[in-house]
Structures are given as C-alpha cells and as structure tokens.
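Heads up: the structure comes next, in structure tokens.
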Amino acid sequence: MTLSPAPIGVLVVDDHPLLRDGLAALLGMQADMRLVGEAADGEEAVAQYLALRPDVVLMDLQLPRVDGVEAITRIRHHDPRARIIVLTTYRGDVRAVRALQAGASGYLLKDMLRHELIDTIRTVHGGRRAGIPATLAASIAAHVVEDSLSPRETEVLGHVAAGRSNKAIGEQMRISEQTVKAHMKNIMEKLGARDRTHAVTQALKRGIISLDDAQADGDG
C-alpha cells in the first residue's frame, strides 16, 4: 500500500484578518495543503514558526511590531532551510529586495495570489526558488536604481514623516535649512514625488522608511 505524502503545512502571516481568511479558504481547497497556523505581526510569526515548523511561510512585508524582512531574517537564523514566500501590495517594494536578500524563496503581489499562489507554494516546497515574473523583476530593479536614497536623505525624510519643518530638521541634524531643502529636492526627484507629503507616501509604500521609524523619530 502506497501512503499519500503528507500535505504541505503553511503558516500565513498578515495583519489583515480578511486576507488571512481568504488564504485559509484557498489552501483549504487544495488536497495537498493545510493551514497549520496564522500570525498577525512579525514577532508572532517567528514564535509560530518555531512552535509549528511549517513547510512554507506566506509572509506579508508591512507588519506591526516587527516587519516582514526582520521576521524572515530571524526565522532563517533559527532555520536556514525555512521556505518563505513574500507577499506585498506594491510593485518594486524595496522591502521585497531586502526580503529576497534575507533568504525568501519567492515574491508575489497580493493581486496575483488567486492565480499564482498555489503553484508558487508547490515550487518552493519542492526546494526550488520561485521565478519572479519579468515585469516585477524589472520594476524592482528600476526602483532599486532610482530610489536609492542616501542615508542622509533617508534621515531627512524620516524627520519630514515625523512632521518637522525644514528649519527644525536643520536644527536637529545640525545642517542649514538650505541644505535640508536641497536634500528634499533630490528626494522628490528620485521618488517622482510632487511634494513633501507625496514623497513620504511613496517612501512608505516602497519600504524606504516605515511608520515605526517616523514615530520613533518624532519621539526623539
């Protein structure tokens, strides 16, 4: 008698309950897969991984407490063989590049999940890296080149996100207000932003800065 292989155990990590429910329903329709656990933030994801040892992790990148990239890094530290598929809303998300560098095995836009997810899980579970669609790879590469803000520019943008004026940023960073304006001009050109608010929005979407960074900066 030939025994059927054990179903692929999947851990779903996302802070939106509706998306977790949708993924659970999709997995439940597959005879060779089962949902073994869920997590709503990166800290919980690491704990759940260590407790459940799933075959594959579906990892959102924009998570509270500990973000997806850091969660991937921690999980891979404990288990270098961990198979993790990154889920993101935005094309060219800078965090996606960091996640792949941290050891993620695949990368999917959330609007591709219905058509791509199941095959990607099987590919990654089989020990292979999931191919990144050419359009996504080009988008990521373009953003990595265009959006590579300098550390100084990133620091300025963090202050802007915290609500500081150019004058206050200059005082905080011990540079002139004109230098701050020059940094903001470069930042907006690199991000294709119309104004300060749009620059912050674009940087948050692409993972260049995080809300946690802005809040911590504002508390400083």
>> Against Val200, only a single residue in Val160, Ile187, Leu191 fulfils side chain to side chain contact (heavy atoms under 4.5 Å, CB included); can you say which?
In response: Val160
>> Is there a side-chain contact (heavy atoms from CB on, under 4.5 Å) between Val13 and Leu87? Walk through the geometry before answering.
In response: CA-CA 9 Å; Val13 183; Leu87 308 180; over 6 Å; no
>> I need the Thr88 OG1 to Tyr107 OH distance, nearest 0.5 Å.
In response: 5.5 Å
> Measuring from Glu171:CD to His159:NE2, what's the distance to the nearest 0.5 Å?
Replying inline: 11.5 Å
> Taking the side chain from Gln172 and the backbone from Ala168, do they hold a donor-acceptor pair closer than 3.5 Å?
Replying inline: no
>> Under the criterion side-chain contact (heavy atoms from CB on, under 4.5 Å), I'd like the reasoning laid out for Glu153 against Met184: C-alpha separation, chi angles, the key distance, then a yes or no.
In response: CA-CA 7 Å; Glu153 289 166 348; Met184 279 307 306; over 6 Å; no
> Can you tell me how far CD of Gln30 sits from CG of Asp32, rounded to the nearest 0.5 angstrom?
Replying inline: 6.5 Å
> Nearest heavy-atom pair of Leu63 and Asp60: which atoms, and what distance?
Replying inline: CD1-O, 3.4 Å
>> So Asp55 and Ile121, do their side chains get closer than 4.5 Å, heavy atoms only?
In response: no
> In this structure, which one of Val69, Leu108, Ile72, Leu100 forms a side chain to side chain contact (heavy atoms under 4.5 Å, CB included) with Val86?
Replying inline: Ile72
> Does a side-chain heavy-atom distance below 4.5 Å link Val10 with Pro54?
Replying inline: no
>> Applying side-chain contact (heavy atoms from CB on, under 4.5 Å) to His183 and Ile175, what does each step give before you reach the verdict?
In response: CA-CA 11 Å; His183 281 312; Ile175 57 178; 4.1 Å; yes
> Taking it one step at a time, do Val56 and Ile85 satisfy side-chain contact (heavy atoms from CB on, under 4.5 Å)?
Replying inline: CA-CA 7 Å; Val56 174; Ile85 298 168; 3.8 Å; yes
> Atom CG in Leu204, atom CD in Gln62: separation rounded to 0.5 Å?
Replying inline: 7.5 Å
> Any side-chain heavy atom of Met173 within less than 4.5 Å of one from Thr179?
Replying inline: no
> Going from CG on Leu27 to CD1 on Ile8, what distance comes out if it is rounded to the nearest 0.5 angstrom?
Replying inline: 9.5 Å
>> Using every non-hydrogen atom in the two residues, find where Ile75 and Ala45 come nearest and quote the distance to one decimal.
In response: CD1-O, 4.3 Å
> Sequence neighbours excluded, which residues qualify as side chain to side chain contact (heavy atoms under 4.5 Å, CB included) partners of Glu43?
Replying inline: Asp41, Arg65, Val66, Arg74
> Passes side chain to side chain donor-acceptor pair (under 3.5 Å), Thr123 versus Thr120? Steps please.
Replying inline: CA-CA 5 Å; Thr123 296; Thr120 301; 6.0 Å; no
> What's the shortest heavy-atom distance between Pro7 and Arg34, and which atoms?
Replying inline: CG-CD, 3.7 Å
> If every non-hydrogen atom of Leu26 is compared with every non-hydrogen atom of Leu113, which pair is closest and at what distance?
Replying inline: CD2-O, 4.1 Å
> Nearest 0.5 Å, what's the CE-CG distance between Met59 and Leu11?
Replying inline: 7.0 Å
> Which heavy atom of Ser105 sits nearest a heavy atom of Arg83, and at what distance?
Replying inline: OG-CA, 4.1 Å
>> Using modelled atom types and a 3.5 Å cut-off, is there a donor and acceptor pairing between side-chain atoms of Arg76 and backbone atoms of Ala82?
In response: yes
> Among pairs that include at least one residue of residues 12-21, which meet side chain to side chain donor-acceptor pair (under 3.5 Å), considering only residues two or more places apart or in two chains?
Replying inline: Asp14-His16, Asp14-Lys110, Arg20-Glu38
> Between the side chains of Arg196 and Asn166, is a donor N or O closer than 3.5 angstrom to an acceptor N or O?
Replying inline: yes
> What heavy-atom pair brings Ser150 and Lys190 nearest, and what distance separates the two atoms?
Replying inline: N-NZ, 4.2 Å
>> Measuring only between side-chain heavy atoms, which start at C-beta, is Ile209 closer than 4.5 Å to Thr154?
In response: yes
> Hey, is the main chain of Arg194 close enough, under 3.5 Å, to the side chain of His198 for a donor-acceptor pair?
Replying inline: yes
